[in-house]
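Every number for a ligand or one of its atoms is a count from 1 in the order of the listing.
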Amino acid sequence: MHILVSNDDGYLSPGLAALAQAMQAFGKVTVVAPDRDRSGASNSLTLDAPLTVRKAPSGYYFINGTPTDCVHMAITGLLDEKPALVVSGINNGPNMGDDTIYSGTVAAAMEGFLLGVPAIAFSLQPRSFEGLEPAARIAGSIVERALNHQGLEKPYLLNVNIPGQIDEGNRDPIVTRLGKRHMAEPVIPAQNPRGEAIWWIGPAGAAKDAGPGTDFYAVAQGRVSITPLDIDLTAHRLLNDVEQWLKSPS
Ligand code: MN
């Protein structure tokens with residue numbers, strides 16, 4: 001059993017080390033991660049520059065590319081066998097609702113999924129990495145259960161969010177759907193040392209669709225949230241509308 005580990009926080013992230021360590025129990029582990037923090041990189045591939053692979057003293061491979069580059073390169077060229085599983089994380093901060101669109105953590109897992117490999121993304125809610133050790137144990141137990149359960153149709157893509165404070169009375173993960181956020185906060189204007197105007201992308205919006213059944217709700221309750229994801233972006237609700245529109249006189 002060969003497990004590929006990646007992330008979007010970069011190869012030096014404590015979350016990556018904790019996840020890679022937790023995967024040792026299941027077989028051979030290869031870590032291929034970006035050379036720096038690429039959070040928010042989504043599913044981008046680097047097409048305008050060559051990529052290099054270097055090996056850190058930790059044994060981890062790091063690439064001057066995106067999370068998607070890392071998993072793509074690992075599966076299509078670097079590894080001598082197709083991994084049984086891709087895991088990504090443990091991310092510094094949650095990836096719930098709309099976050100999944102922008103997330104490099106989810107994207108790394110998604111690239112495995114797109115290449116036919118089951119994949120799981122792990123994110124830890126507190127950005128302080130508080131609770132990282134228990135989170136890594138939870139990741140290990142979820143991976144063990146996923147690998148041992150035959151009923152899960154492959155490939156699957158799971159988005160796991162782990163709260164900083166787990167509800168001790170109910171440690172079992174629950175299955176959720178993605179919630180939704182309010183519109184993002186505005187960009188933040190500032191000035192660089194040369195006096196030129198610059199902007200920082202503002203924070204994500206607060207949770208909006210966050211009721212029972214959503215990832216936001218589960219994590220707020222101290223529960224580990226597992227959302228199965230798919231990638232078909234087709235707006236099925238609009239197929240008929242568009243068909244009617246195209247048939248209508250112009
Ligand atoms: Mn990140």
Side-chain angles (χ1 to χ4, degrees), residues 3-23 30-46 51 56 58 60-74 85-114 119-136 138-139 142-143 157-164 178-179 181 184-185 187-188 200-207 215-216 219 224-227 229 231:
I3 297 183
L4 174 64
V5 182
S6 191
N7 77 346
D8 75 352
D9 294 333
Y11 77 105
L12 295 173
S13 169
L16 180 73
L19 183 58
Q21 179 66 35
M23 294 303 108
T30 302
V31 179
V32 184
D35 62 351
R36 60 191 169 91
D37 187 354
R38 301 302 299 264
S39 296
S42 192
N43 301 88
S44 49
L45 283 171
T46 300
L51 297 167
S58 58
Y60 298 176
Y61 295 96
F62 61 99
I63 292 179
N64 58 332
T66 65
T68 301
D69 289 330
C70 292
V71 173
H72 189 91
M73 284 177 63
L85 184 73
V86 173
V87 293
S88 174
I90 296 173
N91 189 57
N92 184 19
N95 279 303
M96 302 188 286
D98 316 7
D99 304 340
T100 50
I101 297 292
Y102 302 99
S103 168
T105 305
V106 174
M110 198 177 281
E111 187 63 14
F113 175 73
L114 281 168
I120 311 178
F122 293 98
S123 301
L124 178 59
Q125 187 186 31
R127 291 187 193 278
S128 57
F129 273 133
E130 185 196 338
L132 182 57
E133 275 186 34
I138 288 166
I142 289 172
V143 165
L157 173 59
L158 305 178
N159 185 40
V160 177
N161 279 279
I162 302 169
L178 296 181
R181 290 187 182 278
E185 299 294 321
V187 287
I188 302 159
W200 289 93
I201 296 290
D215 47 1
F216 289 112
V219 169
V224 175
S225 161
I226 304 185
T227 311
L229 300 181
I231 316 181

The Mn ion (ligand 1) - number of protein N/O/S atoms closer than 2.8 Å:
4
Who passes salt bridge (Lys or Arg N to Asp or Glu O under 4.0 Å) against D35, sequence neighbours left out?
none
Using 0.5 Å steps for rounding, measure from the CG atom of L114 to the CD1 atom of I231.
3.5 Å
So, taking the atom named CG in N92 and the one named CG in L16, what distance separates them when rounded to the nearest 0.5 Å?
12.5 Å
Flag for N95-T100: side-chain donor and acceptor within less than 3.5 Å:
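Side-chain D/A pair, T100 to N95: absent.
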For residues 92-105, pull every pair meeting salt bridge (Lys or Arg N to Asp or Glu O under 4.0 Å), keeping only residues two or more places apart or in separate chains.
D98-K180, D99-R181
Restricting to ring pair (Phe, Tyr, Trp, His ring centres under 6.0 Å), what partner residues turn up for F129, sequence neighbours left out?
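For F129 there are no ring pair (Phe, Tyr, Trp, His ring centres under 6.0 Å) partners, ignoring immediate neighbours.
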